[in-house]
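Below: the structure, in structure tokens.
Per chain, numbering begins at 1; letters A, B, ... match sequence-line order. All values reported here derive from a predicted model rather than from experimental measurement.
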Amino acid sequence: ILNVEQSPQSLHVQEGDSTNFTCSFPSSNFYALHWYRWETAKSPEALFVMTLNGDEKKKGQISATLNTKEGYSYLYIKGSQPEDSATYLCATSEKLVFGKGTKLTVNP
Amino acid sequence: EPEVTQTPSHQVTQMGQEVILRCVPISNHLYFYWYRQILGQKVEFLVSFYNNEISEKSEIFDDQFSVERPDGSNFTLKIRSTKLEDSAMYFCASSAQQGAGGYTFGSGTRLTVV
């Protein structure tokens, strides 16, 4: 059974702090790694899809890296804002196997 | 920006009743999916649908579940005889390609079985 783990489960930071969290996945038969941002009562919003080892992607103050050989991806948020508060989900494989998410709260 | 639309946003049903959850995927997408999230647990894959048939389903997707694309725009999930443990948020998603491309999710239907 494909298992995707995310850590930490939740995170509280102050506005302006930079933060990062981890997604771990099996490195064998890697297909693609997706990051989503999910606010309560809204649709999960696609942030990144990464396929190549060493990939780095950036969207505004959010960036992500991928290591397929060791099976992990990091998501970084530089200078967090209250509006970055959300649950960040990662998923892999063809049918999207999700981690449990990291719930980020940015305090003003 | 194109959206995946799900209705209703919240459905309450009695145990044993049938429910149909509706989704309108993005019009030029070819792959359609249902996921669910039981409160406090991971988002779980239920089924994928391509070319008018199920392409893959999980162990959760047993005989009480079915999917249909009755016309060119809707994609439905039917739960025949609901159980208490079917209470969850159900998400529909669609994509132009499978796996490596982006998936667009709807905002979900919260199903409560009482």
Quiz item: Highest number of heavy-atom pairs under 4.5 Å with chain B: which of A:Pro44, A:Gly99, A:Ala46?
Solution: A:Pro44

Self-check item: Contact origin within A:Phe48 toward chain B - heavy atom pairs under 4.5 Å
Solution: neither

Quiz item: Under 6.0 Å from the CD atom of B:Gln14, do we count more than 12 heavy atoms belonging to anything else shown?
Solution: no

Quiz prompt | Which atom of A:Asn3 lies closest to which atom of B:Lys42, heavy atoms considered | solution = OD1-NZ, 3.1 Å

Self-check item: Candidate pair B:Phe105 and A:Tyr36, rule side-chain contact (heavy atoms from CB on, under 4.5 Å), full reasoning
Solution: CA-CA 10 Å; B:Phe105 280 80; A:Tyr36 286 86; 3.6 Å; yes

Exercise. Determine whether A:Phe98 and B:Tyr35 make a side-chain contact, defined as any pair of heavy atoms from C-beta on separated by less than 4.5 Å.
Key: yes

Quiz prompt | Exceeds 12 heavy-atom contacts within 6.0 angstrom, atom CG of B:Asp62 | solution = yes

Quiz item: Same cluster for B:Tyr33 and A:Trp38 if Ile/Leu/Val/Met/Phe/Trp/Tyr side chains link at under 4.5 Å?
Solution: yes

Quiz prompt | Closest non-hydrogen atom pair, B:Gly106 against A:Ser43 | solution = C-OG, 3.3 Å

Exercise. Answer with yes or no whether the hydrophobic clustering places A:Val97 together with A:Met50; edges join I, L, V, M, F, W, Y residues whose side-chain heavy atoms lie under 4.5 Å apart.
Key: yes

Quiz item: Are more than 12 heavy atoms from other residues, nucleotides or ligands located less than 6.0 Å from atom CG of B:Asp63?
Solution: no

Quiz item: Around B:Leu39, counting heavy atoms of other residues, nucleotides and ligands shown, do more than 12 lie under 6.0 Å from its CG?
Solution: no

Quiz item: Non-hydrogen atoms of chain B under 4.5 Å away: do they reach the side chain of A:Ala91, the backbone, both or neither?
Solution: neither

Practice problem: Using a cut-off of under 4.5 Å on heavy-atom pairs, state which of A:Lys42, A:Gln6, A:Glu45 scores highest against chain B. | Solution: A:Lys42

Quiz item: What is the distance from atom CE of B:Met89 to atom OG1 of A:Thr40, rounded to the nearest 0.5 Å?
Solution: 8.5 Å

Quiz item: Side chain, backbone, both or neither: which part of B:Gln37 has an atom under 4.5 Å from a heavy atom of chain A?
Solution: side chain

Quiz item: Tell me, do B:Tyr103 and A:Leu96 make a side-chain contact under 4.5 Å, heavy atoms counted?
Solution: yes

Quiz item: Should we count CD of B:Glu3 as having more than 12 external heavy atoms under 6.0 Å?
Solution: no

Quiz item: Are there more than 12 heavy atoms of other residues, nucleotides or ligands under 6.0 Å from atom CD of A:Gln9?
Solution: no

Self-check item: Closest non-hydrogen atom pair between B:Gln41 and A:Lys100, with its separation
Solution: CA-CE, 4.0 Å

